[in-house]
Amino acid sequence: LMAETIYLEPILRNFFSDRMAEMNFCLPARIDNIQNLKQGRVDVKPLYIPRYLDNTYSELPIIRNVPIVLPSCNESGMVFSPKQGDTVLLVFSQCNIDNFKAGSIEPYSTVFDRSFDINDAVAFAGFSPFNINPINTDKHKKDYELGDVSVFNNLGKENENKINVKKDGTVKIVSSSTDIDSKSMIKMSSPNIKSEGTLASGTGASGSFQTALGQNIIVSNGIIVSIE
């Protein structure tokens, strides 16, 4: 009888391929529920349908209470409220993050060891398909062009509002109204302030401005002292 030759390489390749198929690294997903958004967590539906070893396909389940990542730290940053239906990128931790999610910011060990498990997903907001990516100028109803740094809300709607740091060095605020809430002085280091409508000031305001007719108005402590 001739001995059968068994090659180790394909066996190892299949083993590692099957093992890697059981691990999660990153996946696109859609926000399914924002009920607990105030606590920084959302429910998400993975958009990838995996194929299993028996050549069957099955959707991944909704993942509950996934931390949502926004561009912010404990005391500074920018926050916004993702909506149901928004897309995110899921990244899966190489370790169990239950303790971290519960508030631990010190090194810890866990009873249940997990690696790249579906229960240790983190959602990164801002991952979107090409056709709805907000960098596309067609998605903006009001002032925006490539090269601008734009902070916006209600994109594409009639009440779209934004702050644009323009690439030409100017800053533009687009909104139906703008409130500045300051408990002390507001300083404007500009030789000219132009108003295209009614300009009102409270008690104690001092300064000068030019009307649409070219008149220079000087105000001192809330009282007009000169019209030139």
Student: Does atom CD of Q215 have more than 12 heavy-atom neighbours from other groups under 6.0 Å away?
Tutor: yes
Student: Nearest 0.5 angstrom please: I31 CD1 to K83 NZ, how far?
Tutor: 10.0 Å
Student: Starting from the C-alpha separation in whole Å, work towards a yes-or-no answer on side-chain contact (heavy atoms from CB on, under 4.5 Å) for D98 and D120.
Tutor: CA-CA 8 Å; D98 288 344; D120 298 309; 4.3 Å; yes
Student: Taking the side chain as C-beta and beyond, is there a heavy-atom pair between S176 and N159 under 4.5 Å?
Tutor: no
Student: To the nearest 0.5 angstrom, please state how far the CG atom of D32 sits from the CD atom of Q84.
Tutor: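 Rounded to the nearest 0.5 Å, the CG-CD separation comes out at 6.0 Å.
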Student: Please name the pair of heavy atoms, one in A125 and one in V88, separated by the smallest distance, quoted to 0.1 Å.
Tutor: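 Looking at all heavy atoms of both residues, the closest pair is CA-CG1, 4.1 Å.
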Student: Could you state whether L89 and L37 fall into the same hydrophobic cluster, counting links through intermediate Ile, Leu, Val, Met, Phe, Trp or Tyr residues with side-chain heavy atoms under 4.5 angstrom apart?
Tutor: no
Student: Give me the atom names and distance for the closest heavy-atom approach of E228 to I218.
Tutor: OE2-CD1, 4.2 Å
Student: Restricting to ring pair (Phe, Tyr, Trp, His ring centres under 6.0 Å), what partner residues turn up for F152, sequence neighbours left out?
Tutor: H140
Student: As an exercise, state the distance from OG of S104 to CD1 of I97, rounded to the nearest 0.5 Å.
Tutor: 12.0 Å
Student: When rounded to the nearest 0.5 angstrom, what is the spacing between CD in E158 and CG in N161?
Tutor: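 Rounded to the nearest 0.5 Å, the CD-CG separation comes out at 12.5 Å.
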Student: Rounded to the nearest 0.5 Å, what separation is found between the CE atom of M23 and the CD atom of Q94?
Tutor: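 If we round to the nearest 0.5 Å, M23:CE and Q94:CD are 9.0 Å apart.
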Student: Under the ring pair (Phe, Tyr, Trp, His ring centres under 6.0 Å) definition, can you give me all pairs with a residue in residues 91-116, not counting sequence neighbours?
Tutor: F25-F116
Student: Starting from V174, can I reach L155 by hopping between I/L/V/M/F/W/Y residues whose side chains sit under 4.5 Å apart?
Tutor: no
Student: side-chain contact (heavy atoms from CB on, under 4.5 Å) between R51 and I49: does it pass, once the steps are laid out?
Tutor: CA-CA 7 Å; R51 180 174 62 125; I49 302 178; over 6 Å; no
Student: As an exercise, state the distance from NZ of K172 to NZ of K142, rounded to the nearest 0.5 Å.
Tutor: 10.5 Å
Student: Quick one: closest heavy-atom pair of T178 and I173, and the distance?
Tutor: OG1-CG2, 3.9 Å
Student: Is it true that D148 and K166 have a side-chain N and a carboxylate O under 4.0 angstrom from each other?
Tutor: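 Between K166 and D148 there is a salt bridge, with a charged N closer than 4.0 Å to a carboxylate O.
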Student: Quick one: which of T137, N136, D138 gives a side-chain contact (heavy atoms from CB on, under 4.5 Å) with Y144?
Tutor: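 So, applying the side-chain contact (heavy atoms from CB on, under 4.5 Å) to Y144 and each of T137, N136, D138, only T137 qualifies.
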Student: Can a donor-acceptor pair be found, under 3.5 Å and without considering hydrogens, that links the side chain of S150 to the backbone of N164?
Tutor: no
Student: L146 vs I135, test: side-chain contact (heavy atoms from CB on, under 4.5 Å). Steps then yes/no.
Tutor: CA-CA 7 Å; L146 286 177; I135 199 172; 3.9 Å; yes
Student: With a 3.5 Å cut-off and sequence neighbours excluded, list the donor-acceptor pairs that the side chains of residues 58-82 form with protein atoms.
Tutor:
residue, atom, partner, partner atom, Å
E59, OE1, K45, NZ, 3.1
R64, NH1, D43, OD2, 3.2
N65, OD1, R41, NH1, 2.6

Student: Do you know which two heavy atoms are closest between C95 and S93, and how far apart they sit?
Tutor: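 Residues C95 and S93, closest heavy atoms: O-OG, 2.9 Å.
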Student: Do D113 and N96 come within less than 4.5 Å of each other through their side chains, counting heavy atoms only?
Tutor: no
Student: Hey, are the side chains of P134 and S128 touching, using non-hydrogen atoms and a 4.5 Å cut-off?
Tutor: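 The answer is yes, as the side chains (C-beta and beyond) meet within the 4.5 Å cut-off.
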Student: CG of L12: more than 12 outside heavy atoms within 6.0 angstrom?
Tutor: yes
